[in-house]
Amino acid sequence: MPGAKRLSQSILLAALTLGLASCESRIEREGHYMRLAKAHMEKKEYDQARAQFDNALQINMTNHEAYYFLGLIQESRQQFRSAQEYYSRTLEYYPEYLPAKTKLARIQIMFGQTAQAADQAKAVLKADPENMPAKALLAEVGATQNSLSKAIEDLERSRKKGPPSLEVYAQLVNLYLRQNNLAQAESVLSQALKQYPQDMKLQTYSAQVYQAGDKPARAEIPLKTIIALEPSEFSHQAKLASHYVLVGNPEKAEATLRNSVAAMPQDVKRVLALTEFLLRHRTPEAAEAELQSFIQASPQSYELRFALAELYEATGLQGKAERIYLDLLAQKRSSGENEKAHTHLARMYAGMGKVSSAKTHVSEALQLSKNSPDALATRGKIALEEGDLERAIADFRSAVRTQPDSMEYIGLLARAHTQNKEPALAKEMLMQAVKNNRNNLPMRAMLAQHLFDLRDYKNALEAVDDAIKNSPFD
């Protein structure tokens, strides 16, 4: 059957050819998406870049470079846990990728994972013994003034040898800030920004130095520069508005927020930020009028109507808030939106003493989403008020498990443990929370307050001192 054999060989050859062509096509498409993504990165168009990196990962889920860039995007947005996950995925597929190791180590230090950070820094130094950022990271893990001084000496020596890298400048500024040496931090920043005027991290450090020193008004300059670098990123405009409030200029703060809304009126978070500002720094009536005007323009907007209900709730107009929540539920919207409305109704009813109604709505919320941290915390609060401490502890613990950085849920769990005559468990949990959120000053203050309440004055004062050392700019 020579003819049949030749036919089989021809079919096999054709299949192999098609397979190779398909493989080449996939490689070409992956490369195309990566080139597009990097072009967007250069223009700081992070949303577009992220979409293209995701496209590349749809073709090749082991693309370590795509994960690394996604980590950079999330880090630039201060979404550090998400960035940590991306850097970890990078190293999962390319364990020797040194930039990801240093980035991951920096975030691990932030979350108090010092042993893991030290391991990453040592791995970098094993591959590159003169890697200055890794040396600085290792010194920072030690967290002693001597080790910081040694790291600064090494970085300064490196800086004087030749044009310093951006990473060396950033690490050096960070270490001077850790020492609370504002003058030196400002001096290094002045030189660094001449070489890297468009670097977001350096501009952010510059704003921090001005705000912490005796020239807080000058922070306006780097904050405006950051906005110019990423004009579509609202968080930068929000920081400028907060700065104006800090220096006693609410008029400029309001103007900044109004300009932001005018630039992108369909962005609900901008509208809500303006409304919150008006509530805090103007009047509830001004905030309500602003929200109502946007609701008239977008009457179907769930977010805006929900925000109006929250405004009424916050200003003691529970009746108006109740009508909006019930109306939203009557519209039979998505399960997530309904869960949110049920949870808010439950919380409001509990505050009004309508415990039966509160229980009904929190039960409805948890049927829609059994792991909703807000619903769990609300049920836990009801249980706490009724003296059902085991139920309260279980619910608060579940809420913390879902949102481990939440001050509210951690505080509620500590309170429940304390009321259950388990102060040691509360202390242990708060200490772990501080370890995981090293730069969170309110978290440290919560620990210090708990220790004061236990009359553990020595450790309470140490906690306060530690907070000052680790968060000098909060």
Side-chain angles (χ1 to χ4, degrees), residues 29-94 97 99-107 110-111 165-167 169-170 174 192-193 196-208 222-243 256-257 259-273 303 405:
R29 285 189 292 123
E30 180 187 1
H32 172 68
Y33 289 135
M34 289 296 291
R35 286 191 293 275
L36 285 176
K38 290 177 182 179
H40 286 304
M41 287 291 289
E42 288 182 5
K43 297 176 184 176
K44 302 188 184 300
E45 298 169 347
Y46 294 141
D47 288 336
Q48 297 93 318
R50 177 167 188 158
Q52 299 301 338
F53 285 128
D54 285 340
N55 286 337
L57 288 169
Q58 288 291 325
I59 297 170
N60 177 14
M61 66 174 292
T62 68
N63 186 325
H64 72 276
E65 195 178 18
Y67 289 119
Y68 178 72
F69 276 109
L70 287 170
L72 294 179
I73 291 172
Q74 292 302 90
E75 188 175 357
S76 74
R77 292 173 170 171
Q78 298 188 344
Q79 300 294 321
F80 297 114
R81 289 208 180 274
S82 177
Q84 183 179 29
E85 291 175 9
Y86 281 123
Y87 293 141
S88 296
R89 291 295 294 275
T90 303
L91 294 170
E92 180 182 339
Y93 296 114
Y94 187 2
Y97 195 56
K101 286 182 180 291
T102 54
K103 288 287 186 181
L104 180 59
R106 166 62 54 201
I107 293 177
M110 185 183 301
F111 289 138
S165 69
L166 173 60
E167 191 65 26
Y169 271 132
N174 177 59
L193 287 169
Y196 302 101
Q198 296 190 327
D199 182 72
M200 299 284 291
K201 182 181 287 187
L202 292 178
Q203 293 290 353
T204 300
Y205 278 145
S206 181
Q208 288 179 344
L223 289 172
K224 282 187 171 182
T225 301
I226 291 170
I227 291 174
L229 291 171
E230 288 184 1
S232 63
E233 181 59 47
F234 170 65
S235 63
H236 303 327
Q237 297 160 52
K239 286 178 182 176
L240 179 61
S242 297
H243 164 72
T256 299
L257 293 173
N259 289 338
S260 176
V261 171
M264 201 175 291
Q266 72 277 14
D267 187 348
V268 173
K269 67 177 177 289
R270 299 177 186 229
V271 176
L272 298 184
E303 293 90 348
D405 298 332

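Source: prediction; values computed, not measured.
Under the 3.5 Å distance criterion, with hydrogens and angles disregarded, a donor-acceptor pair is assigned to the side chains of R50 and Q74. Between the side chains of E45 and H40, at least one donor N or O lies within less than 3.5 Å of an accepting N or O. Using modelled atom types, one finds a donor on one side chain and an acceptor on the other under 3.5 Å when comparing E233 with S235.
Counting heavy atoms from C-beta outward, Q266 and M264 have side chains that approach closer than 4.5 Å. Between E92 and Y67 the shortest side-chain heavy-atom distance does not fall below 4.5 Å. With contacts defined as side-chain heavy-atom distances shorter than 4.5 Å, the pair D405/R81 qualifies. Side-chain contact between F234 and V261 is absent, with no heavy-atom pair separated by less than 4.5 Å. Side-chain contact between F53 and E65 is absent, with no heavy atoms from C-beta onward closer than 4.5 Å. Using a 4.5 Å cut-off on side-chain heavy atoms (C-beta onward), D199 and L229 make no contact. Using a 4.5 Å heavy-atom cutoff, the side chains of D54 and Q58 are not in contact. Counting only heavy atoms from C-beta outward, the side chains of M200 and H236 approach each other to under 4.5 Å.
Residues S206 and P222 share a closest heavy-atom pair of OG-CG, 3.7 Å. What you find for A100 and T90 is that their closest heavy atoms are CB-CG2, 3.8 Å. Closest heavy-atom contact between Y46 and S76: CE1-OG, 3.7 Å. Across R270 and S232, no two heavy atoms sit closer than the pair NH2-O, 3.0 Å. Shown here for Q237 and T256, the closest heavy-atom pair between the two residues is O-CG2, 3.6 Å. Of all heavy-atom pairs spanning K239 and L223, the tightest one is O-CD1, 4.2 Å.
A distance of 12.0 Å separates CD of Q52 from CG of D47, quoted to the nearest 0.5 Å. Note that OG1 of T225 is 10.5 Å distant from CG of L240, once rounded to the nearest 0.5 Å. One finds the CG atom of L72 at 5.0 Å from the CE atom of M41 (value rounded to the nearest 0.5 Å). To the nearest 0.5 Å, atoms OH (Y97) and CG (L91) are separated by 10.0 Å. To the nearest 0.5 angstrom, L193 atom CG is 9.5 Å from Y169 atom OH. Here the CE-CD1 distance, from M34 to I59, works out to 11.0 Å after rounding to the nearest 0.5 Å.
Remark: S242 pairs with no residue by the side chain to side chain contact (heavy atoms under 4.5 Å, CB included) rule, at least two apart or across chains.
Between the side chain of Q203 and the backbone N or O of P197, at least one donor-acceptor pair lies under 3.5 Å. The closest donor-acceptor contact from the side chain of S82 to the backbone of Q79 lies at 3.5 Å or more, if one exists at all.
Remark: K269 engages D267 in a salt bridge, criterion side-chain N to carboxylate O under 4.0 Å.
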Pair Y87, Y68 - check ring pair (Phe, Tyr, Trp, His ring centres under 6.0 Å), show working. CA-CA 6 Å; Y87 293 141; Y68 178 72; 5.8 Å; yes
Chi angles and distances behind the side chain to side chain contact (heavy atoms under 4.5 Å, CB included) call for R106, N174: CA-CA 11 Å; R106 166 62 54 201; N174 177 59; 3.4 Å; yes
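Between H64 and Y93, a ring centre-to-centre spacing not shorter than 6.0 Å is recorded.
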